[in-house]
Amino acid sequence: MICDTLEHLNRYRGLHKNLDTAIDYLIAYHVGHELGELPIGRTEVDGENVFINVMDAALRPDEGANPEYHHKYADLQIDLTGGEGWGYTSNPGPEVGEFTGDIGFQNSPDVVSGVLGEGRFVLFFPGELHKPGVIHADCTNVRKAVVKIKMEG
């Protein structure tokens, strides 16, 4: 898990070729546009290797929400409007439901938490338990971009 500001995104080059592709796209896009101008829905960057899902999301209370994880994709999460809370844990718990597509859930307590918005991002790697979309302060809705970065075969 990496949490930082967008101005430092370049620091993470070299960790994986698909992450480099995502960084290149975000930096090139930001030269001529605000990231908030990304359209709702899926934006193709490099087929199934890198794509961006932009959505309007209703945030939920932390209590009762289960952390999610992925096998193939990293999630680079950026709030375009508002600021959501998030949680992260390295303590696995019992599975909740079935793993489908590339998402599963576990009943695990958070050990680290933070807030997005104001130019920050958080990057969760495959296998890392994370809880996005948590209500923070008076923010109950956000427009967010989730850059899906294929890290595993």
Side-chain angles (χ1 to χ4, degrees), residues 1-62 65-92 102-106 108-152:
M1 188 253 331
I2 297 171
C3 185
D4 204 339
T5 60
L6 289 167
E7 68 185 67
H8 297 148
L9 192 56
N10 240 347
R11 292 180 178 174
Y12 304 101
R13 283 186 187 284
L15 294 177
H16 192 279
K17 66 179 181 151
N18 290 340
L19 178 56
D20 291 350
T21 299
I23 291 169
D24 289 343
Y25 182 87
L26 291 169
I27 289 172
Y29 186 89
H30 193 58
V31 167
H33 308 87
E34 291 297 318
L35 289 179
E37 295 176 27
L38 284 164
I40 294 285
R42 182 173 166 142
T43 297
E44 296 288 334
V45 176
D46 183 22
E48 293 301 308
N49 292 319
V50 180
F51 55 93
I52 303 170
N53 289 325
V54 175
M55 66 203 79
D56 289 322
L59 304 180
R60 64 184 186 270
D62 184 47
N66 294 303
E68 65 184 57
Y69 67 98
H70 312 285
H71 288 309
K72 295 180 182 179
Y73 287 90
D75 282 358
L76 174 62
Q77 303 206 6
I78 305 165
D79 284 349
L80 304 173
T81 64
E84 70 187 288
W86 55 266
Y88 168 84
T89 184
S90 58
N91 298 325
D102 190 41
I103 190 169
F105 297 90
Q106 292 187 0
S108 304
D110 294 345
V111 293
V112 175
S113 62
V115 179
L116 288 179
E118 298 181 11
R120 289 184 293 274
F121 72 88
V122 65
L123 175 63
F124 299 109
F125 292 98
E128 292 184 329
L129 288 162
H130 58 285
K131 188 188 304 182
V134 176
I135 292 173
H136 174 72
D138 291 328
C139 186
T140 58
N141 292 283
V142 296
R143 176 164 288 180
K144 67 185 293 182
V146 179
V147 184
K148 301 295 285 185
I149 304 161
K150 190 171 186 181
M151 306 288 277
E152 314 259 336

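All residue numbers refer to positions in the sequence shown, counting from 1.
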For this session: Hey, can you tell me if Tyr69 and His71 have their rings parallel, tilted or perpendicular (30° and 60° cut-offs)?
Result: perpendicular

Exercise. Aromatic rings His70 and His130: how do their planes relate, parallel, tilted or perpendicular, breaks at 30° and 60°?
Worked result: tilted

Note, [X] side chain near [Y] side chain (heavy atom, < 4.5 Å):
| X | Y | value |
| --- | --- | --- |
| Asn141 | Asp56 | no |
| Val146 | Met55 | yes |
| Leu6 | Leu35 | yes |
| Ile23 | Leu76 | no |
| Arg13 | Asp24 | yes |
| Val147 | Tyr25 | no |
| Leu59 | His136 | no |
| Phe124 | Glu68 | no |

Exercise. Where do Trp86 and Val134 land on the side chain to side chain contact (heavy atoms under 4.5 Å, CB included) test, with the steps shown first?
Worked result: CA-CA 6 Å; Trp86 55 266; Val134 176; 5.8 Å; no

So which atom in [X] and which in [Y] form the shortest heavy-atom distance, rounded to 0.1 Å?
| X | Y | answer |
| --- | --- | --- |
| Phe125 | Leu15 | CZ-CD1, 4.4 Å |
| Asp46 | Thr21 | CB-CG2, 4.1 Å |
| Ala22 | Val50 | CB-CG1, 3.9 Å |
| Asn91 | Leu129 | O-CD1, 3.8 Å |
| Pro132 | Gln77 | CB-OE1, 3.3 Å |
| Leu38 | Ala145 | CD1-CB, 4.4 Å |

For [Y], does its backbone N or O pair with a side-chain atom of [X] as donor and acceptor, under 3.5 Å?
| X | Y | result |
| --- | --- | --- |
| Thr5 | Gly119 | no |
| Asn18 | Lys150 | yes |
| Asp102 | Lys72 | yes |
| Arg120 | Val115 | yes |

[atom1] of [X] to [atom2] of [Y]: how many Å apart, nearest 0.5 Å?
| X | Y | atom1 | atom2 | value |
| --- | --- | --- | --- | --- |
| Glu44 | Ile52 | CD | CD1 | 10.0 Å |
| Thr81 | Lys144 | OG1 | NZ | 11.0 Å |
| Ile40 | Leu80 | CD1 | CG | 8.0 Å |
| Tyr12 | Asp20 | OH | CG | 13.5 Å |
| His8 | Phe121 | NE2 | CZ | 9.5 Å |

Problem set entry | Over 12 foreign heavy atoms within 6.0 Å of CD, Glu118 |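 No, not enclosed.
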
For this session: May I ask you to decide whether Lys148 forms a salt bridge with Asp75, counting only side-chain N to carboxylate O separations under 4.0 Å?
Result: yes

Exercise. In chain order, what residues pass the ring pair (Phe, Tyr, Trp, His ring centres under 6.0 Å) check against His16, with sequence neighbours excluded?
Worked result: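 With sequence neighbours excluded, His16 shows a ring pair (Phe, Tyr, Trp, His ring centres under 6.0 Å) to no residue whatsoever.
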
